[in-house]
Chemist: 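I am attaching a structure below and will ask some questions about it afterwards.
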Amino acid sequence: MRFDEYRTFDALGLAELVQAGQVTATELLDVARDRARVVNPRINAIVRFMDSQARDLVKRGATGPFAGVPFLLKDLHQDYAGVPTSCGSSSLASIPAAEHATVVQRWIDAGVTVFGRTNTPEFGAKGITEPDLFGPTRNPWDLTRTPGGSSGGSAAAVASGILPVAGASDGGGSIRIPAACCGLVGLKPGRGLIPMGPTSGEAMHGAATQGVVSRSVRDTAAMLDVLAGGEPNGPYSPAMPTETFLSQVARDPGSLRIGVCTSSSINSSPHPQAIAAVNAAATSLEGLGHRIELLDAQPFDDAALARDFLLTWFVYLAWEMDDAKRRSGCGNSAFEVDTQIMAALGRAYSSVEYVDAVERRHAHVRRLTTFFESYDLLLTPTLADLPPKIGSLDTPKLTSIAAAGLLKTGTAGLLRHSALVDQMIDANLGWVPYTQLANLTGRPAMSLPLHWTPEGLPMGVQFVAPLGGESTLLRLAGQLEQALPWAQRYATAYGRVDSANV
């Protein structure tokens, strides 16, 4: 199979070819690896190739809904037995995983051929993918820009045509942000639908979840069918729909009432292309028979939510860092300075302050629940700005120097009383202020690639649904994909758009 043929199929389409005997899993793997050899030196999406594991998986014979489809795991909490999961940190880069993560086993059972791991920021702690350990991943649509994070490596690999779908995860937007930056479909399922085991019950009190980024809605839906459902040692037995998620994609969503919000108190001036993306989506939705209403005000307090999000994130990161020390025996020097700063901020909060922030999630849930009493979905931009330039969000040198001094003296926690937290909100959440809502409230949300800027950059839009709303999101996404097809758009990894078959 040639690459120009390979890239026209989504993952389910490739699996159908394997099942029909028209192509083999080995042939598909060869095409994916050849494409990776061409583009990965430019985009740095894949940080570990797993050739022997891939050969073993091919030998077993391809069965399942994704039989023989090449697949990449995110290098964060997607453990493959015998292979290190670095989490973007040198502290864990040489420690092999003892067993498969539950989601990895489910992907293997579904027939995928895992052949590598994708880049992620250290412990997934940023919305960009620029770890010191592996260096930055670049956006295939514009090599000077980020593909987002923390699933930036996976998104860049899919957008550049290496494969049609890849493993991802989302603790504050880490599926939806890179999907929006790279022109892909990104669904964050609701809380508890996908397990985090077997070594963990849930991450960040359920705010984080596993998933994928893909080019097609049906691949995302079928992957949700593969991953969804509890496990014996998990904290929940989630309510499952009576029909498959894949079956929802072709169904008419009916006439939905959709509230539209582009305002943000974190970013009072979203980029004109972020507004244009939502306006274009709203026009298309009205043309499809949906009722669109512009909201006068936000249905939630995003500034308060951002502070609660960062407080819990800093504390969780401090735990991640301590856990990595216990597992590896390393010291502070094994971690990036930014990670040490965030962890120090986390340790500076009291246990009561932490529980306060976790308990306030219910207030955000209640506000959003009130909104959904009148609306079926919330529509926002996914990004408030264009994907940032590589290196543009680096911590200023003077701040790093000052923080390094405080870290040495054990007084870095004092930074919580400075303007640093507000600066981190402005810098790191200012361009993505819309995504954390779904994580803290546990609601499903999806980014769809409905807009490209005049310069050829993708700008996704986000739909947030009420609890259990995954099927509604997939029906609407399927309808929009038919009306505004995007799956055949892919980036060349030379910073240009290949418009063939678009």
Chemist: Could you check whether Thr339 and Glu122, counting side-chain N and O atoms only, form a donor-acceptor pair closer than 3.5 Å?
Modeler: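 Judged by distance alone, the side chains do pair up.
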Chemist: List in chain and number order the residues that pass side chain to side chain contact (heavy atoms under 4.5 Å, CB included) with Ala11, two or more places apart in sequence or in another chain; answer none if no residue qualifies.
Modeler: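 Residues passing side chain to side chain contact (heavy atoms under 4.5 Å, CB included) with Ala11: Phe66, Val69, Pro164, Val165, Asp219.
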Chemist: Over all heavy atoms of both residues, which pair between Phe372 and Ala465 is shortest? Give the atoms and the distance, please.
Modeler: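 Distance-wise, the nearest heavy atoms are CZ-C, 3.5 Å.
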Chemist: Exactly one of Val213, Ile175, Thr220, Val212 should register a side chain to side chain contact (heavy atoms under 4.5 Å, CB included) with Leu184. Which one does?
Modeler: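 Only one option passes, and that is Val213.
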Chemist: Parallel, tilted or perpendicular, judged at 30° and 60°: which one describes the rings of Tyr375 and Phe371?
Modeler: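 Geometry flag for Phe371 against Tyr375: parallel rings.
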Chemist: For Thr129 and Asn119: C-alpha separation, side-chain torsions, deciding distance, then whether side-chain hydrogen bond (donor to acceptor under 3.5 Å, both in side chains) applies.
Modeler: CA-CA 7 Å; Thr129 302; Asn119 207 2; over 6 Å; no
Chemist: For the residue pair Glu336 and Pro131, what are the closest heavy atoms and their distance?
Modeler: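 Taking Glu336 first and Pro131 second, the nearest heavy atoms are OE2-CA, 3.4 Å.
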Chemist: What residues form a side chain to side chain contact (heavy atoms under 4.5 Å, CB included) with Ser174, not counting sequence neighbours?
Modeler: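 Here the qualifying residues are Lys74, Ser150, Ser151.
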Chemist: Side chains of Arg191 and Tyr236: do they bring a donor and an acceptor to under 3.5 Å?
Modeler: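 Note: Arg191 and Tyr236 side chains meet the donor-acceptor criterion.
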Chemist: Evaluate side chain to side chain contact (heavy atoms under 4.5 Å, CB included) for His290 paired with Leu476, printing each intermediate quantity in order.
Modeler: CA-CA 10 Å; His290 301 290; Leu476 180 63; 3.5 Å; yes
Chemist: What pairs meet the salt bridge (charged side-chain N to carboxylate O under 4.0 Å, His left out) rule with one or both residues in residues 294-311, with sequence neighbours excluded?
Modeler: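 Checked against salt bridge (charged side-chain N to carboxylate O under 4.0 Å, His left out) - neighbours excluded - the pairs reaching residues 294-311 are Arg307-Asp422, Asp308-Arg360.
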Chemist: Can Glu481 and Arg218 be counted as an ion pair, charged N to O under 4.0 angstrom?
Modeler: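 A salt bridge is absent here (no side-chain N lies under 4.0 Å from a carboxylate O).
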Chemist: Quiz question: by atom type and distance under 3.5 Å, do the side chains of Ser392 and Arg145 form a donor-acceptor pair?
Modeler: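 The answer is no; no qualifying pair exists.
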Chemist: Show the numbers, then the answer: is there a side chain to side chain contact (heavy atoms under 4.5 Å, CB included) between Val337 and Thr395?
Modeler: CA-CA 9 Å; Val337 171; Thr395 301; over 6 Å; no
Chemist: So, are Arg251 and Glu243 salt-bridged, with charged N and O less than 4.0 Å apart?
Modeler: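 Yes, Arg251 and Glu243 are salt-bridged.
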